[in-house]
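Report on one structure; see the data block that follows.
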Amino acid sequence: MDPVERGHRIRMLDEFRRDFEQANTRLTVCGFALRNSDATQAQFSSFIQAALDVKAVCERPYALHNPLDVLFWLKQKLEDFSQQSERPEVIRASCRRELRLTEELIQNICDEVGEGKVVALL
């Protein structure tokens with residue numbers, strides 16, 4: 001590998017790590033707000049967007065994490081939130097809607113990677 005290519009690779013990895021750390025920190029902060037059963041719809045929406053931001057960072061070249069891992073993690077969290085009876089019904093309904101959208105995203109990635117021959121076991 002020539003020095004220019006190596007320098008580019010190091011810069012891209014550094015950029016990924018920085019952006020991943022920022023997105024992951026935002027997701028963590030948003031997740032803390034959802035620990036209370038009285039979390040608002042706006043807080044829930046911020047959490048979803050933060051998770052999708054982490055996924056977007058993981059789609060970049062030189063990413064060290066797989067976007068499917070993020071989506072499967074989000075799917076599990078949404079399943080957990082939707083089953084918590086102490087949460088308001090509007091939040092649980094939003095969780096179920098976002099869960100369906102997340103499952104569609106997972107299947108779309110499987111279709112791209114497997115050229116339509118891979119089915120996500122959801």
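Counting from 1, the numbers follow the sequence of the chain as shown. If you're wondering where the values come from, they're calculated on a predicted model, not measured in any experiment.
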Ion pair check, E79 and K75, cut-off under 4.0 Å: yes
Taking it one step at a time, do V90 and Q41 satisfy side chain to side chain contact (heavy atoms under 4.5 Å, CB included)? CA-CA 8 Å; V90 67; Q41 183 65 35; 4.2 Å; yes
Within one Ile-Leu-Val-Met-Phe-Trp-Tyr cluster: L101 and L27, side-chain cutoff 4.5 Å: no
Shared ILVMFWY cluster between M12 and V54, side chains joined below 4.5 angstrom? yes
Taking every non-hydrogen atom, the tightest pair across [X] and [Y]:
| X | Y | answer |
| --- | --- | --- |
| A63 | C58 | CB-O, 3.2 Å |
| C30 | F47 | CB-CA, 3.8 Å |
| L105 | L71 | CB-CD1, 3.9 Å |
| R92 | F81 | CG-O, 3.9 Å |

Has the side chain of [X] got a donor or acceptor atom that lies under 3.5 Å from a matching backbone atom of [Y]?
| X | Y | value |
| --- | --- | --- |
| R87 | N36 | yes |
| E5 | D2 | no |
| N66 | L68 | yes |

Start with the C-alpha distance between D14 and Y62, add both sets of side-chain angles, then the distance that settles side chain to side chain contact (heavy atoms under 4.5 Å, CB included), and finish with yes or no. CA-CA 9 Å; D14 186 50; Y62 300 103; over 6 Å; no
Rounded to the nearest 0.5 Å, what separates atom [atom1] in [X] from atom [atom2] in [Y]?
| X | Y | atom1 | atom2 | result |
| --- | --- | --- | --- | --- |
| R26 | S46 | CZ | OG | 6.0 Å |
| W73 | L78 | CH2 | CG | 8.5 Å |
| Q22 | N24 | CD | CG | 11.0 Å |
| L74 | D69 | CG | CG | 12.5 Å |
| E21 | T28 | CD | OG1 | 8.5 Å |
| L13 | L64 | CG | CG | 6.0 Å |

So for atom CZ, which belongs to R60, do other residues, nucleotides or ligands contribute more than 12 heavy atoms lying within a distance under 6.0 Å? yes
Between D111 and Q107, do the side chains contain a donor N or O and an acceptor N or O under 3.5 Å apart? yes
No-hydrogen, no-angle side-chain donor-acceptor test under 3.5 Å, N108 and E112: no
Residue pair K55, T102: steps toward the side chain to side chain contact (heavy atoms under 4.5 Å, CB included) verdict: CA-CA 11 Å; K55 174 196 153 289; T102 301; over 6 Å; no
Run the side chain to side chain contact (heavy atoms under 4.5 Å, CB included) test on E15 and R18 for me, step by step, so that the C-alpha distance in whole Å, both residues' side-chain angles and the decisive distance to 0.1 Å come before the verdict. CA-CA 5 Å; E15 184 177 310; R18 183 189 66 241; 3.6 Å; yes
Assess whether side chain to side chain donor-acceptor pair (under 3.5 Å) is satisfied between Q49 and D53, documenting all intermediate values. CA-CA 6 Å; Q49 186 56 54; D53 290 345; 2.8 Å; yes
